[in-house]
Every structure is written in C-alpha cells, then in structure tokens.
2 protein chains.
Amino acid sequence: MEYSVQVRMNEKLFLRDPEQSELGRRIIRQGILLIDEIGFEETTFRKLADRMGTKEASIYRYFENKHRLLLYLIDWYWQWLDFQVMFETNNLTDNHEKLERVLRVLLQTNVSTPATPDDIDLVALHNIVICEASKAYLTRHVTEDNSQQLFKPYKDLTARIAALILEYRPNYPYARSQASSIIETAHYQSFFMRYLPSLTDFGGGDADASLLEFLRHLLFATLEI
Amino acid sequence: MEYSVQVRMNEKLFLRDPEQSELGRRIIRQGILLIDEIGFEETTFRKLADRMGTKEASIYRYFENKHRLLLYLIDWYWQWLDFQVMFETNNLTDNHEKLERVLRVLLQTNVSTPATPDDIDLVALHNIVICEASKAYLTRHVTEDNSQQLFKPYKDLTARIAALILEYRPNYPYARSQASSIIETAHYQSFFMRYLPSLTDFGGGDADASLLEFLRHLLFATLEI
DNA sequence: TCAAATAAGATAGCTTTACTATCAATTCAT
DNA sequence: ATGAATTGATAGTAAAGCTATCTTATTTGA
C-alpha cells in the first residue's frame, strides 16, 4: 500500500502554499540544499532563484522573506520529529524505552520511521536545525511571531516529550524545561562536537554514540527519585 | 584603594583597540545599549554612529564589521564571567558551594563581585548574551574565527567550570559537555522564560528563583554517584 | 616648539540585499 | 474558448555594508 506522511503547515508561514505547486515544492527542496550548503546568512532569494532557474520575484510570491522560509523549514522539521516520536513510541509499554527512543529521534540515529517524506533531504534539514534553528526565535519579533503560532510545532514537540517524562516520572516538577533543554542540548552539543570540540567530551572514536550516552545520562540521572 | 578589573581582549577582534581612545570606549558602551535596545540584526554601524554623534567610517576604523563587534562584546562578557567565577569561588573549600556560586554567576543573581567595571552596562550586556550570544558562533566562519582564538574566552569559562565539576566529582566523564550545557541552558531557559514561557516551568511568582532551582537540580542530580 | 604622525570628521561612492511593481506570456479550469 | 491564476522578465528603490579620500584636529617625540 502506498502512503505518505503529510505535514500540515501553519498558513501564516507563507503567502502561497509551497506544497500546492511544483515551483513551491522546488523552493522548499532546493532551499534546504542551499541553506545547508552556504548557510542561512549567506542565502538570498536571488541565489536560490538562480540555482532553481527561476526569478527572485517568484519566490517572494511564496514567502514574505527568508526568515519566514527558515521558520517554515524549522517548523516542518519539528512537526516531523513530533510524528517520529509518536511513531517510535507507539505500542511501547516501557516508559524508559520511550524516552530512549526520544533521544534517538533527536539525534536521528537508529530511527526506523518510514522513509523520507516527499523527497525532503532530511540529513540536510537536520544540519540546518543544528546550525540555524535558534535563529528562528532569537529575533526582535519573537513575540509577534509567537502570537501567530509560529513556534507551535516546537512547543508541541516539547509538550509531547514533557508528557513522556511525566509518564516515566509522575510529579516531576520540570518536565517542560527538561524537555526543551534536552532538545536544545542535543543540537548544540552536535554543533560543538563538530566545530568547537573542546567544549565537549566527544572527541574520539564514536562521537555520536558518546553524545547519545551523555544525553541519556543527563535525562535519566535527573529523573531518578 | 582604587582598583579596576582590566579585561584584556584578543587583538584579532578589532582593527584599533577600542579601550585606547574615548571614541573607542563609546563605541563599546553605546554599542551595548543599542544592541540591547533594537537587537543585533537591526543594529547597523550607521545607526550606532548617528546615536553617538560620529560617523560610520569612524566605527569601521575600530571594527571590521558588526559581527566582530558582537564577538568583542560576547568575549568580554565571558571573560568577565570567568573572572567572577574565580573571584566568587576563591577561598571556598566546599566544592558543592563553589558550583552553587557558578550557577549564581551564570544567572547574575546574588553576585557580590566588585561593581561594574569601566561603566559597562552589565544588565544590558547580560541581555545581549541571552538573546544574541549564539549568533557569535552559529556562522559559516566558525572554524576560521575559532582558528583566530575568538572563542577562547568561552572555552576558558567552560574549562574553569569543568575543572570545578571535576573537583566536586573526580572522574566524572562529561565535565566539559556538562559545563557548556549548563552555560547554554542558563541562557536559553532565561530567553524562553521571558518570550516563550510554555517551553519552561517557570511561569509563576519568583521565576528567577525557579530557574536557579532547576539548574541546581540539573547539575547536582547528574553529579551524584 | 615645530614637524610629523595619527585620529577623527566629512563626504562620496560602490556593490549587494531585500524588497515592490508592472506587464507580458503561459497554463489551467470550466 | 474565455477568463483567471501563475510564472517569467525586467525595472526600480531604499537600505545595508562596506571602501576611499581629503581635510581638520590632536598628539607626540626630537
């Protein structure tokens, strides 16, 4: 049977829904590749248009500006992770194992979720999240963006993880902060590991395994009674 | 007796040392205020020059670009924190208490360190660190900047905290990752608390006290045997 | 103390970014 | 086949992010 996971995006993110046209879909897919390659600051709609063989003005018909495009990509990713967490923890009874799966999803290692939806380059997108995601909220217009629900996917993921934490350890008083911390830690420790390794303890052989071990330690040590 | 704490900056950060002239010092002090007020993205050398009653070109004689100015400010802050940690833990024998002091320094609460050095607005600078610090390293030129030692103050602070962690708990395998995590967590949980509070558990009355309590919990629970 | 060096002010100008506008060409839906 | 919507093509504007130059102050050091 054919199936595909549909990620339904907040309409405030775009001017015209990019999933409804070929050009729109190419903006998303090529946008991911370009931002991954040259970084968000260096990305311009002109460069993206050139790369796609279209015009700057056409991209502006879909997205108000490149910050909105970034928000779209990041939100997409959080929604995808949220789905993956749901999928990976489904039917499990062991609450410890559920949290273990959360960590693997965050690091995108050993995840068995259905293959890449809609030709999105998940590896590139994961890299974008590591390097650029905090720029989505570290702006002067956080509050305005927030009132348009633009951070809802991130909040939903945090809430889902917080709920799993509370299943594992009822009455834990910091479920949400613990959840948002573990998400953030997973990403910037990945960044540090890659670019500023002396800020981490993951120099040697299997750095990814060590990072997973560290996150496991952080999470479960704090959830002990 | 008169004394002042001198923060010696990496010469790669600037073209002309801003502490060596009145104009330079005003760039730093007014720069802090402007970035705090309007945010880093919205800050331009032209706006800063107008505010200071000087010219754009004059600022360019001190700093190659605004990213270098940001790095200067952030590095200054990390060096200042490093000093404060050193000062606050000096003469203490209780290793637990030392780490407790680290947390207070990170949150800038209940710190008894000598007053504001050189008219720097520490509250504004602390806010800048919360909102903008990660932009200092989340760039395409991390590696290049790193090779110029531009992240040394951050690494030094991390190393100092890691050393205190190892004093408290010898052989702990994640001293550096734990140190960098606690620094980052202190800052973005402050950010979330202020702008996206549903990502945290610090809604109510004394939010700052709750955040401190959370950090204490994170740190000491993971350092238990 | 006077000349030389240095810093700052003033003005100009250039390239790129981040848009907005317009109109023609194409495709698409009924 | 006609009208509506989408894209292409081209232009243009304001601001950002610089660099250059020339003049005027100020320092400094011989």
Side-chain angles (χ1 to χ4, degrees), chain A residues 11-31 34-35 37-73 132 135-136 138-141 144-145 150, chain B residues 9 11-31 34-35 37-73 132 135-136 138-141 144-145:
Chain A
E11 308 212 335
K12 297 283 174 56
L13 286 166
F14 47 76
L15 301 172
R16 201 202 292 310
D17 186 349
E19 285 304 324
Q20 296 309 309
S21 76
E22 185 50 34
L23 184 65
R25 285 184 290 270
R26 291 208 299 132
I27 291 170
I28 301 305
R29 279 129 193 93
Q30 293 292 314
L34 183 63
I35 295 174
E37 277 171 33
I38 70 175
F40 180 66
E41 326 294 340
E42 286 67 29
T43 296
T44 67
F45 279 180
R46 199 181 297 269
K47 288 179 195 168
L48 178 54
D50 285 351
R51 182 196 178 102
M52 292 170 57
T54 182
K55 295 287 159 178
E56 203 185 1
S58 300
I59 302 180
Y60 276 108
R61 288 181 183 118
Y62 285 84
F63 291 99
E64 220 177 304
N65 52 53
K66 70 168 176 165
H67 187 260
R68 286 287 160 125
L69 173 59
L70 179 66
L71 266 171
Y72 184 98
L73 300 180
E132 324 283 1
K135 295 170 190 167
L138 293 179
T139 71
R140 278 296 120 161
H141 45 272
E144 207 192 317
D145 289 353
L150 303 189
Chain B
M9 304 298 296
E11 308 213 334
K12 296 282 174 58
L13 287 165
F14 48 75
L15 300 171
R16 204 202 291 314
D17 185 350
E19 285 305 323
Q20 296 309 310
S21 75
E22 184 51 33
L23 184 66
R25 284 184 292 269
R26 292 207 299 130
I27 291 170
I28 301 305
R29 278 130 194 95
Q30 293 292 314
L34 184 63
I35 295 174
E37 277 171 33
I38 69 174
F40 180 66
E41 325 295 339
E42 287 66 28
T43 296
T44 68
F45 278 179
R46 201 181 298 268
K47 288 179 193 167
L48 179 54
D50 285 351
R51 181 196 179 102
M52 293 169 57
T54 183
K55 296 287 159 180
E56 201 186 2
S58 300
I59 302 180
Y60 275 107
R61 288 184 182 115
Y62 285 84
F63 292 98
E64 219 175 306
N65 54 51
K66 70 168 176 166
H67 187 260
R68 286 287 159 126
L69 172 59
L70 179 66
L71 266 171
Y72 184 98
L73 300 179
E132 322 284 1
K135 294 170 190 168
L138 293 178
T139 72
R140 276 298 119 160
H141 44 274
E144 207 191 317
D145 289 353

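Chain identifiers are assigned alphabetically (A, B, ...) following the order of the sequence lines, protein sequences preceding nucleic acid strands; residue numbering begins at 1 within each chain. Any value given below was found using the heavy atoms of this structure, including those in side chains, with hydrogens, waters and symmetry copies removed. No experiment lies behind these values; they were computed from the predicted model shown.
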Can you tell me how far [atom2] of [N] sits from [atom1] of [X], to the nearest Å?
X	N	atom1	atom2	result
B:N65	C:dT15	CG	C1'	16 Å
A:Q20	D:dT7	CD	C1'	17 Å
A:L69	C:dA18	CG	P	12 Å
A:K66	C:dC19	NZ	C1'	13 Å
A:I27	D:dT6	CD1	P	13 Å
B:K47	D:dA14	NZ	P	17 Å
A:E22	D:dG8	CD	P	11 Å
B:E42	D:dA15	CD	P	15 Å

Short side-chain N/O contact from A:S21 to OP1 or OP2 of D:dT6, under 4.0 Å: no
Phosphate-side-chain proximity, A:T44 and C:dA18, N/O vs OP1/OP2 below 4.0 Å: no
5' precedence on DNA chain C between B:L23 and B:R46 (nearest-nucleotide basis): B:L23
Euclidean distance, [Y] [atom2] relative to [X] [atom1], rounded to 0.5 Å:
X	Y	atom1	atom2	answer
A:R51	A:Q30	CZ	CD	5.0 Å
A:I59	A:E64	CD1	CD	15.0 Å
A:E56	A:T44	CD	OG1	7.0 Å

Residues B:R68 and B:E11 bridged, charged N to O under 4.0 Å: no
salt_bridge(A:E42, A:K47) N-O dist < 4.0 Å: no
Nucleic acid contacts - residues 55-64 of chain A versus DNA chain D, non-hydrogen atoms under 4.0 Å: A:K55, A:S58, A:R61, A:Y62
Intermediate values then yes/no, side chain to side chain contact (heavy atoms under 4.5 Å, CB included), A:R25 and A:R29: CA-CA 6 Å; A:R25 285 184 290 270; A:R29 279 129 193 93; 3.6 Å; yes
